[in-house]
Amino acid sequence: MQEIRFFYKRQLAFPLSTHAQALWSYLMYRGNEAFWHFPLRLSLLELAGGTKMSVTMVKRARRELEDYGYIRHTAFGGNKPAGYYLLSNINIGQPLAPRPSKVKAASEGKVDPS
């Protein structure tokens, strides 16, 4: 939730197009569905369908998000879907990653169980 809040705070200083905002929101949704395990492997057609944009508009929005430091993407060539990494709006430029659960971290001795 904090990431979404800081995304909109960032919009005040560096506004994105509505298409870029829609793509970022869809990528956040998909990241949540994948339990924040990256890269998200998504095809352009899937992104276009999920955002109701043309493939050309998805490419423009993707480029805008990359230029402003909201995402990174990796092309794997051929017909393989690209990999997408969401970058934090709180810690600018840092990739989002799943947070370890307290139970798992405590069993590994990383957290004080008290």
Side-chain angles (χ1 to χ4, degrees):
M1 203 57 165
Q2 290 283 24
E3 285 294 332
I4 296 169
R5 194 170 133 241
F6 276 84
F7 173 79
Y8 286 106
K9 281 187 172 190
R10 237 175 123 180
Q11 294 302 298
L12 298 174
F14 306 104
L16 293 171
S17 69
T18 55
H19 292 102
Q21 290 178 38
L23 180 57
W24 183 85
S25 295
Y26 185 74
L27 290 171
M28 282 293 285
Y29 163 74
R30 292 303 304 264
N32 187 46
E33 290 290 309
F35 300 101
W36 308 107
H37 293 284
F38 297 101
L40 299 173
R41 299 291 301 264
L42 304 167
S43 71
L44 283 172
L45 289 175
E46 184 175 357
L47 292 173
T51 58
K52 306 295 188 251
M53 291 190 276
S54 69
V55 170
T56 303
M57 287 309 304
V58 169
K59 288 179 182 179
R60 285 183 193 155
R62 179 178 67 189
R63 189 175 330 115
E64 186 177 351
L65 289 172
E66 282 188 299
D67 290 346
Y68 285 101
Y70 289 92
I71 66 167
R72 281 194 316 237
H73 100 281
T74 304
F76 293 102
N79 289 333
K80 297 176 185 164
Y84 292 87
Y85 298 88
L86 286 159
L87 303 178
S88 177
N89 290 297
I90 299 169
N91 302 310
I92 306 293
Q94 297 295 316
L96 289 180
R99 297 192 198 318
S101 70
K102 289 182 181 181
V103 173
K104 182 179 177 186
S107 68
E108 293 174 357
K110 295 182 181 178
V111 172
D112 183 21
S114 57

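Residue numbers start at 1 and run along the sequence shown.
Taking the six-membered ring where the residue is Trp, H73 and Y84 present parallel rings, their angle staying beneath 30° rather than reaching 60°. Ring geometry for W24 against Y70 counts as perpendicular: the plane angle is over 60°, on a 0 to 90° scale with 30° as the lower cut.
What you find for Q11 and L16 is that their closest heavy atoms are OE1-N, 2.9 Å. Pairing each heavy atom of P39 with each of G83, the nearest pair is CB-CA, 3.8 Å. Contact between A82 and A75 at its shortest, heavy atoms only, is CB-CA, 4.4 Å.
When atom types are taken as modelled, the side chain of E3 and the backbone of S88 share no donor-acceptor pair closer than 3.5 angstrom.
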Go through M57 and T51 one step at a time and tell me if the side-chain contact (heavy atoms from CB on, under 4.5 Å) criterion holds.
CA-CA 10 Å; M57 287 309 304; T51 58; over 6 Å; no
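Interatomic distance, R30 CZ to L47 CG, rounded to the nearest 0.5 Å: 8.0 Å. K9 contributes atom NZ, which lies 8.5 Å from atom CD of Q2 (distance to the nearest 0.5 angstrom). The CD atom of E64 lies 10.5 Å from the CD1 atom of I71; values are rounded to the nearest 0.5 Å.
The cationic group of R41 lies under 6.0 Å from the six-membered ring centre of F76 and within 45° of the ring axis, placing it in a cation-pi geometry.
Sparse packing is recorded around OH of Y68, with 12 or fewer heavy atoms of other residues, nucleotides or ligands lying under 6.0 Å away.
A single hydrophobic cluster is not seen to contain both L65 and L12; linkage of ILVMFWY side chains at heavy-atom distances under 4.5 Å, directly or through other members, places them apart. Placement of Y8 and Y26 within a single hydrophobic cluster is found when ILVMFWY residues are connected by side-chain heavy-atom separations under 4.5 Å, directly or transitively.
Proximity of R62 to L44: side-chain heavy atoms (C-beta onward) are separated by under 4.5 Å at one or more points. The shortest side-chain heavy-atom distance between E46 and P81 does not fall under the 4.5 Å cut-off.
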